[in-house]
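Letters go in sequence order (proteins before strands), and every chain restarts at 1.
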2 protein chains.
Amino acid sequence: MTVTIKDVAKRAGVSPSTVSRVLSGHPRISAETSRKVKIIMEEMGYHPNIMAKSLVSRTTNSICIILPKPAEELFSNLFFMELIRGIVTQASRSGYDVLISSGATEKEELEAVSRLLKGRRVDGAILLYSRKGDAVIDFLKEEGYPFVLVGRSDKYDDILSVDTDNRMAAYDATSHLISMGHKRIGFVSGPPNLIVSRDRLEGYRAAMEDNGLELKSEWIVEGEFLQESGYRAMSFFMNLPSRPTALVVVDDIVSFGVLRGLSELNYSVPADLALVSFNNIPLSELSTPPISSIDIGIYQLGYTASQILIQTIQKQVNEPGGTKRHIIPHRLIVRESSMYSPGGK
Amino acid sequence: MTVTIKDVAKRAGVSPSTVSRVLSGHPRISAETSRKVKIIMEEMGYHPNIMAKSLVSRTTNSICIILPKPAEELFSNLFFMELIRGIVTQASRSGYDVLISSGATEKEELEAVSRLLKGRRVDGAILLYSRKGDAVIDFLKEEGYPFVLVGRSDKYDDILSVDTDNRMAAYDATSHLISMGHKRIGFVSGPPNLIVSRDRLEGYRAAMEDNGLELKSEWIVEGEFLQESGYRAMSFFMNLPSRPTALVVVDDIVSFGVLRGLSELNYSVPADLALVSFNNIPLSELSTPPISSIDIGIYQLGYTASQILIQTIQKQVNEPGGTKRHIIPHRLIVRESSMYSPGGK
DNA sequence: CTGTTAGCGCATTCAC
DNA sequence: GTGAATGCGCTAACAG
């Protein structure tokens, strides 16, 4: 049923090697033979067997994406799909296929990665998250497989990664609120075991300190990347004796919860509480009021991750001089949720 | 560097065939040999080469997902990611890998599918959309490759597919509005070349007719699966001499645009215009007001698609008696956007 | 320029 | 029960 090189060769009256040479665009081949073989391949509907090719070339022309397991519902959907789009687009352009993998537990995740890399099904991997003390990173680094991390590792400084400068992004977001005249600014954070939560919190702290503003621990709450987290935080914040007039929120989705919470408590945004969050998902401009957000270029993050991974794979050699950590620039999109100066200015 | 069966065999003092037999759980093998070999495999860190395995077994244990090319921004993100999650989860459980593919144009898409299937890199494919007259479907059907369509084909009745009963779903949504006392009901549709748009429109029409309600062509607008479509539709609808009091909207995302449009025109939902839409994305309950929506079980759609594809692949034989079209049940989630009866009831 | 040979790592015949 | 041989489809040396 399947048409092989051998079949084509027989039909064309040449040797299999010749056909193979035509396929790979070998230089030392007569133009006429090449043309003839190509026509016959077309006629017979020849398609190279990718597996056989990989087996002998010891390279698969494909990479894999490791989806994190947890139930980060909303966050995952919007954020990861955009990331995946970037990765798949770039990989396609470079002639690479993308394999998606996930595991129910961290152990399963590791098994999947191990099977894929050690079984030589893929040439490299992209990790879409950065937890504290991640076993998958340890494995990949130890075994020396090409991989890139979207995010930052707290353990290793010398691994390939693509990231937002989250510290600076949070600094910028906070500074914006300060420049609007806010002095009491709170922070709604994400899960403390994610590096991104910690980096953003740190940036917020730095901005507050640099501007000589008070930093109250009760103005900082931790939660998930879920709207519920923002929702719950509100009943807490608004009952504080000295409540903040503005909030930096770790993710747009959480902001949606914040908005809902405030509306139920009959507070209005931005008059009672101004808001800036992160990621600038498309829906943040559709909420009432539209949310100010730091755009981190998610698609670009994915696109770049794929690019540097494939470069690394093709280079073989790990040149020690290369940049390991790639930063995608962010920018603040100011919308209605932060357009208010307290103190009646 | 790589450990092969041969290496293990040499170290264990047995033949490669024996090791292979242990690997595949062959029955005629002495318990002791089996144990010994397994230990050595563990010690040496043996991992089967997936490519070599596929080459000889003529099966890859992987399937591919074809992402549609267009820029269906929001729709894609939320909807497809959920679908993918369902597919990947089920495939993993069945021991299958999932490959994601897309093309910039329909031609590229076809090339990718062809390369993957004909090149024997995957055993089957899942199509995530259903356009009118899709060339990819023609190809897959003609060549006899296992595939399943998430959606419905207008051309073939006998292909494997997983779908919502969109006609009935729209009928239900419309009936709900009618039962609330609405008589002038409009419909905001999606791209007319997508089957889903047409099915939902048809269900709306049927419900209107069955209830003896007038069906005005100016109450129906077509657009994209984007919030802009809903936004634009509003300035049109609300300027109609006899404007509808309720709307069935083809997708939640479009409803977001509708809400924004109405709020800018100073109309309120549901008092001035009641709303029901489809897909029940997580954010539909977060908007103000929360949107009534038909939940179509997106994750389930993906999960089922993967399941029947893999079943088909493993069965080899296409038993003619089997069900080709699988319907995932939907249900209406009533929220504030439709909780209003016109005429002051 | 072209043909011959020898594997890539594995599974599946056969023999014994 | 186990070992030896053969081939999956292809590429990469070798020779000419």
Side-chain angles (χ1 to χ4, degrees), chain A residues 1-38 40-41 44-62 95 115-123 316, chain B residues 1-38 40-41 44-62 95 114-123:
Chain A
M1 200 61 234
T2 320
V3 182
T4 71
I5 283 196
K6 218 169 158 185
D7 299 328
V8 175
K10 195 174 296 175
R11 183 97 145 60
V14 295
S15 79
S17 341
T18 305
V19 177
S20 175
R21 278 191 262 263
V22 171
L23 236 31
S24 61
H26 198 103
R28 287 192 297 255
I29 195 103
S30 86
E32 200 191 347
T33 313
S34 171
R35 206 175 316 120
K36 187 176 63 182
V37 169
K38 274 181 184 161
I40 298 206
M41 288 195 322
M44 302 182 71
Y46 170 77
H47 270 258
N49 183 314
I50 309 181
M51 295 300 179
K53 226 162 146 175
S54 305
L55 182 58
V56 59
S57 70
R58 296 170 152 292
T59 140
T60 64
N61 266 50
S62 52
R115 187 178 54 81
L116 257 23
L117 271 309
K118 293 210 166 185
R120 292 187 180 287
R121 187 189 208 65
V122 299
D123 297 334
Q316 249 99 289
Chain B
M1 200 60 234
T2 320
V3 182
T4 71
I5 284 196
K6 217 169 159 184
D7 299 329
V8 175
K10 196 173 296 175
R11 182 98 147 59
V14 295
S15 78
S17 339
T18 306
V19 177
S20 175
R21 279 191 260 263
V22 171
L23 236 32
S24 61
H26 197 103
R28 287 191 297 254
I29 194 101
S30 86
E32 200 192 346
T33 313
S34 171
R35 205 175 317 119
K36 187 176 61 181
V37 169
K38 273 180 185 162
I40 298 208
M41 289 196 320
M44 302 183 71
Y46 170 76
H47 271 256
N49 183 313
I50 308 181
M51 296 300 180
K53 227 163 148 175
S54 307
L55 182 58
V56 61
S57 71
R58 299 171 150 289
T59 139
T60 64
N61 266 48
S62 52
S114 167
R115 186 178 56 81
L116 256 24
L117 271 308
K118 293 211 166 185
R120 291 187 180 288
R121 188 189 207 66
V122 299
D123 296 334

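Proximity of A/R58 to the phosphate of C/dG9: a side-chain N or O atom is located under 4.0 Å from OP1 or OP2. Remark: B/S17 is not in phosphate contact with D/dA5, judged by side-chain N or O atoms under 4.0 Å from OP1 or OP2. Between D/dT2 and B/S30, a contact under 4.0 Å exists linking OP1 or OP2 to a side-chain N or O. Dashed line: the shortest gap from a side-chain N or O of B/T33 to OP1 or OP2 of D/dT2 is under 4.0 Å. Put simply, A/S57 has no side-chain N or O that comes within less than 4.0 Å of OP1 or OP2 on D/dT11. Dashed line: the shortest gap from a side-chain N or O of A/T4 to OP1 or OP2 of D/dG9 is not under 4.0 Å.
Backbone-only engagement by B/I29 is indicated by non-hydrogen atom pairs under 4.0 Å involving sugar-phosphate atoms exclusively. Residue A/P48 is in sugar-phosphate contact alone, with no base atom involved, counting any heavy-atom pair closer than 4.0 Å across all strands shown. Counting non-hydrogen atoms under 4.0 angstrom, A/R21 reaches a base of the nucleic acid.
Projected onto DNA chain D by closest heavy-atom contact, A/A52 and B/T18 fall at different nucleotides, the more 5' of which corresponds to B/T18. When each of B/Y46 and A/G13 is assigned the nucleotide of DNA chain C bearing its nearest heavy atom, the one mapping closer to the 5' terminus is A/G13.
Remark: A/K118 NZ is packed, more than 12 non-hydrogen atoms of other residues, nucleotides or ligands lying under 6.0 Å away.
Between B/R115 and A/I50, some side-chain heavy-atom pair lies under the 4.5 Å cut-off. A/T2 is listed as a side-chain neighbour of B/R58, based on a closest heavy-atom distance under 4.5 Å. The shortest distance between side-chain heavy atoms of A/H47 and B/S114 falls below 4.5 Å.
Residue A/N61 contributes atom CG, which lies 12 Å from atom P of D/dT11 at whole-angstrom precision. Separating the CE atom of B/M51 from the P atom of D/dT11 is a distance of 14 Å, rounded to the nearest angstrom. For the pair A/M44 CE and D/dG9 P, the interatomic distance rounds to 13 Å; values are reported in whole Å. Taking atom CG of B/N49 as the reference point, atom C1' of D/dG9 lies 14 Å away to the nearest angstrom. Nucleotide C/dC10 holds its C1' atom 8 Å from the CG atom of B/L55, rounded to whole Å. Counting to the nearest Å, the P atom of D/dG1 and the NZ atom of B/K36 are 15 Å from each other. The NZ-C1' distance, from A/K10 to C/dG3, rounds to 16 Å in whole Å. If you measure from atom NZ of A/K6 to atom P of C/dG3, you get 15 Å, rounded to the nearest angstrom.
You'll find that the side chain of B/K53 is closest to C/dC10, out of C/dC8, C/dT2, C/dC10. The side chain of A/R28 has C/dT2 as its nearest neighbour among C/dG9, C/dT2, C/dA11. Checking D/dG9, C/dA11, D/dG3 against every side-chain atom of B/V14, the shortest atom distance belongs to D/dG3. Taking only side-chain atoms of B/I5, from C-beta outward, the nucleotide of C/dG7, C/dC10, D/dG3 with the closest atom is C/dC10.
Across every non-hydrogen atom of A/V19 and A/M41, the tightest pair is CG1-SD, 4.4 Å. Of all heavy-atom pairs spanning B/G95 and B/N61, the tightest one is O-ND2, 3.2 Å.
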